[in-house]
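As C-alpha cells, the structure follows; a few thoughts come after it.
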Amino acid sequence: MLVLLASITMAQSISKTINVATAGALSSLLTTTEKTTSTDLVVTGNIDARDVKCMRDEMTKLTNLDMSGVSIQAYTGSDGTSPNGSLTYPANEMPAYSFYNNIYGDKTLTNIKLPTSLTSIGEYAFRQCYRLTGSLTIPNSVTTIGGYAFQNCFSLTGSLIIPGAVTFIGDNAFSGTGFIVINSLCVTPPSLKSTSFSLPLIVYVPSLGLAAYKAAYLWRDYTIVAEKKVIINNPTAGSLAATLIGAGYGPLSSITHLAVTGNLNGVDIAQMKTNMTQLSDIDLTGATLENNILPANAFAEKAVLSYVKLPSSLTIIGSRAFSGCTGLSGELPITPLISSIGDSAFYNCRSLSGGVTLSNGITSIGSYAFYNCNNLHGSLSISNSVKSIGNYAFYRCGLTGSLNIPSFVTSIGDNAFYGCASFTGDLTLSNSLLTIGDLAVCGCYGFSGAISFPSTVTSIGNYAFSGCTTLTELNFSKNTSSINDYAFNNCTGVTKITVPRT
C-alpha cells in the first residue's frame with residue numbers, strides 16, 4: 001500500500017499560476033520547491049529571455065506551459081537562453097534557444113501555448129524537445145520562424161497551419177517532425193526555403209499534368225517529373241538495363257518506380273543507382289541477389305530514393321549500402337535472414353521511421369550503421385547473437401523504450417548511443433561486456449534507476465555516461481579498475497555509488 005500511495009503521489013500534477021510584473025523576475029518569484037515540483041505553469045505579465053531560461057533550466061519537472069497571456073520584452077545580456085554568451089533578444093520573439101541548451105532539448109515539456117502577441121520564433125527555440133506532443137498552434141501574428149526552431153520534435157504530429165503573415169522560415173525549422181504542412185492563405189504562399197521541412201526532392205505527377213505543375217508557383221521548390229512505373233522479370237543477372245530497354249521501357253532515366261523479379265547482381269544495382277536518376281521506389285522482394293548480398297555502396301547518396309523493399313533471401317547489407325539516402329522513408333528494410341549490417345549502412349537516413357529489430361543471425365552492428373537516423377523512434381531489439389556494437393552505431397537515433405545489451409556483446413563502441421535521449425527506464429548491460437567506449441551513452445538522459453557494471457568490465461570510457469541526469473545508482477564491480485575522465489559528468493540524479501575496495 002505504501003508503494004502504491006507513493007506512486008500515486010509522484011504522478012500528481014502540481015500547478016502554478018503566476019504574474020510577472022517586471023521582466024526577468026520569474027526566478028525570484030518562485031520558491032525552490034515550486035521550481036523542482038511544478039508540472040503545470042500558467043504565466044502572465046511581462047517576461048524576457050531570462051525568465052524563459054528559468055523555465056528551461058530551473059523548473060525541472062515542467063510539463064505543461066501556458067504562455068498565451070505574456071508579453072515578451074527585449075533583453076540584451078549573457079543571462080538569457082543562448083549558450084553562446086551575450087545576445088540581444090528582440091521583443092515579441094520566442095528567444096533563440098528557448099528550450100534547447102545546445103546539447104539537448106527540454107526533456108519534460110509536453111505541451112505549450114505560445115504568446116498570442118508573438119511575432120517571431122527564434123532559431124533553435126524548441127529543437128529536440130522530443131516530448132512535445134500533438135498539434136502546435138502558431139499565432140497569426142508570427143511573421144518569422146528561425147532555423148531549426150522545431151527540428152527533431154518528432155512527437156509533434158497532425159496538420160501544421162502556417163499563418164499567412166509568415167514571410168520566412170529558416171533551414172530545417174520543422175525537419176524531423178510529423179507535421180503535414182498547410183498554408184492558411186493557399187493563394188499567395190510565404191517565401192519558404194526548401195530546407196525548412198522534410199521535403200521530398202522529387203514530386204511525381206501524372207504525365208498530362210507535368211507542365212502545369214512545373215509552372216505552378218506553389219511547387220517551385222520541388223523537382224517535378226512524370227511518374228513511370230515498371231514491373232519486369234530479369235532472368236539473367238547483369239542484364240537488367242538490356243531487359244528494360246528491350247521491353248520498351250527506355251530511357252532508364254525516365255523510370256520512377258521499379259519492381260523486379262528474377263536475378264540481379266552488382267551491375268544491375270549500379271544501373272538503378274547511377275542511370276535511373278529519377279528512381280524513387282524499388283521493390284526487389286521477388287528477386288534474388290547474387291550471393292544474397294546487397295553490395296557495398298549499392299544506393300549510397302541516392303537522395304531521390306524514397307522506398308525500398310529487399311529480397312527475403314538477403315543475408316548481408318554491405319557497407320554504405322544506403323548511406324546518405326536522406327529521402328528513404330518508411331520502415332527500416334531489414335529482412336529476417338540478414339546476418340551482417342556493414343559500416344555506415346544506413347548513415348544519415350534521417351527519414352526512416354519505426355523501430356529496429358535485428359534478427360538472430362546478426363553478429364555485429366557496424367560503425368555508423370544507423371548514424372543520425374533520428375526519426376527511428378520505435379523500440380530497439382538487439383538479438384542475443386550480436387557480439388559488438390560499433391562506434392557511432394546508433395548516434396542520435398530517436399529510439400524509445402529500454403535498452404538491453406545482449407549477453408554476448410563484448411564491446412560498446414565510442415559514441416555508440418550518443419544523444420539517444422528517447423530511451424527510458426533501466427539500462428541493462430551484458431554480462432560479457434569488456435569495454436564501454438568514450439561517450440558511449442552520453443546524453444541519454446532518459447535512463448533511470450541503477451546501473452550495475454558486470455565483473456567483466458574493467459574500464460569505463462571518457463564521458464561514457466555524461467549527461468545521464470536521471471540515473472540514481474552506480475554499482476561498480478570489483479574488477480572495475482579505472483573510471484576515465486568525465487565518465488559520469490552531470491549525472492545529477494545519482495544518490496548512491498558502490499565502489500569496490502580495488
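Hydrogens, waters and symmetry mates are skipped; everything else that's a heavy atom, side chains included, is used.
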Return the minimal non-hydrogen interatomic distance between [X] and [Y], and the atom names on each side.
X: D106; Y: L62; result: OD1-O, 4.4 Å
X: S323; Y: S344; result: CB-O, 3.4 Å
X: I412; Y: L433; result: CG1-CD1, 3.8 Å
X: P139; Y: L118; result: CG-CB, 4.3 Å
X: C420; Y: R396; result: SG-N, 4.2 Å
X: A23; Y: I47; result: CB-C, 3.8 Å

Passes side chain to side chain donor-acceptor pair (under 3.5 Å), Y392 versus N415? Steps please. CA-CA 5 Å; Y392 295 85; N415 293 273; 3.3 Å; yes
Run the numbers on L399 and V356 for side-chain contact (heavy atoms from CB on, under 4.5 Å), then give the verdict. CA-CA 8 Å; L399 295 163; V356 179; 3.9 Å; yes
Going by distance alone, is a donor N or O of one side chain under 3.5 Å from an acceptor N or O of the other, for S319 and D343? no
Cut-off 3.5 Å, side chains only: do S385 and S383 have a donor facing an acceptor? yes
Does the pair D438 and Y463 meet the rule for a side-chain contact (heavy atoms from CB on, under 4.5 Å), with working shown? CA-CA 6 Å; D438 295 345; Y463 293 92; over 6 Å; no
I'd like to know whether the aromatic ring centres of F465 and F453 sit less than 6.0 Å apart in this structure. yes
Taking the side chain as every heavy atom from C-beta outward, state whether [X] and [Y] have any pair of such atoms under 4.5 Å apart.
X: R56; Y: T81; value: yes
X: Y486; Y: N462; value: no
X: S430; Y: P406; value: no
X: E123; Y: Y148; value: no
X: N152; Y: Y130; value: no
X: M55; Y: V43; value: yes
X: L328; Y: S351; value: no
X: L427; Y: L471; value: no

Euclidean distance, [Y] [atom2] relative to [X] [atom1], rounded to 0.5 Å:
X: T469; Y: N490; atom1: OG1; atom2: CG; answer: 7.0 Å
X: S82; Y: N102; atom1: OG; atom2: CG; answer: 7.5 Å
X: D51; Y: I18; atom1: CG; atom2: CD1; answer: 9.5 Å
X: I341; Y: F370; atom1: CD1; atom2: CZ; answer: 4.0 Å
X: L114; Y: S98; atom1: CG; atom2: OG; answer: 9.0 Å
X: Y445; Y: C491; atom1: OH; atom2: SG; answer: 14.0 Å

Side-chain ([X]) to main-chain ([Y]) donor-acceptor, under 3.5 angstrom:
X: S329; Y: L352; answer: no
X: N431; Y: S407; answer: no
X: R131; Y: K107; answer: yes

Angle class for the [X]/[Y] ring planes (parallel below 30°, perpendicular above 60°, tilted otherwise)?
X: F417; Y: F423; value: perpendicular
X: F488; Y: F476; value: perpendicular
X: Y97; Y: Y100; value: parallel

Go through T76 and L87 one step at a time and tell me if the side-chain contact (heavy atoms from CB on, under 4.5 Å) criterion holds. CA-CA 6 Å; T76 299; L87 193 70; over 6 Å; no
Per the side chain to side chain contact (heavy atoms under 4.5 Å, CB included) rule, which among S120, S141, P115, S117 passes with N92? S117
Going through the checks in order, is the side chain to side chain donor-acceptor pair (under 3.5 Å) test met by T44 and N19? CA-CA 5 Å; T44 58; N19 179 266; 2.8 Å; yes
Looking at K53, R50, K35, which hits side-chain hydrogen bond (donor to acceptor under 3.5 Å, both in side chains) with S27? K35
F408 ring centre to K387 NZ or CZ under 6.0 Å, with the angle to the axis within 45°? no
Side chain to side chain donor-acceptor pair (under 3.5 Å) for N479 and T458? Distances and angles first, verdict last. CA-CA 6 Å; N479 293 327; T458 59; over 6 Å; no
Using a strict cut-off of less than 4.0 Å between a Lys/Arg side-chain nitrogen and an Asp/Glu carboxylate oxygen, indicate whether E301 and R320 qualify as a salt bridge. yes
Got more than 12 heavy atoms from elsewhere within 6.0 Å of CG, N475? yes
Yes or no on side chain to side chain donor-acceptor pair (under 3.5 Å) for E34 and T32, after CA distance, side-chain angles and deciding distance? CA-CA 5 Å; E34 287 172 335; T32 300; over 6 Å; no
Please determine whether side-chain contact (heavy atoms from CB on, under 4.5 Å) holds for the pair T110 and L132, giving the CA-CA distance in whole Å, both sets of side-chain angles, and the decisive distance to 0.1 Å. CA-CA 4 Å; T110 59; L132 276 178; 5.8 Å; no
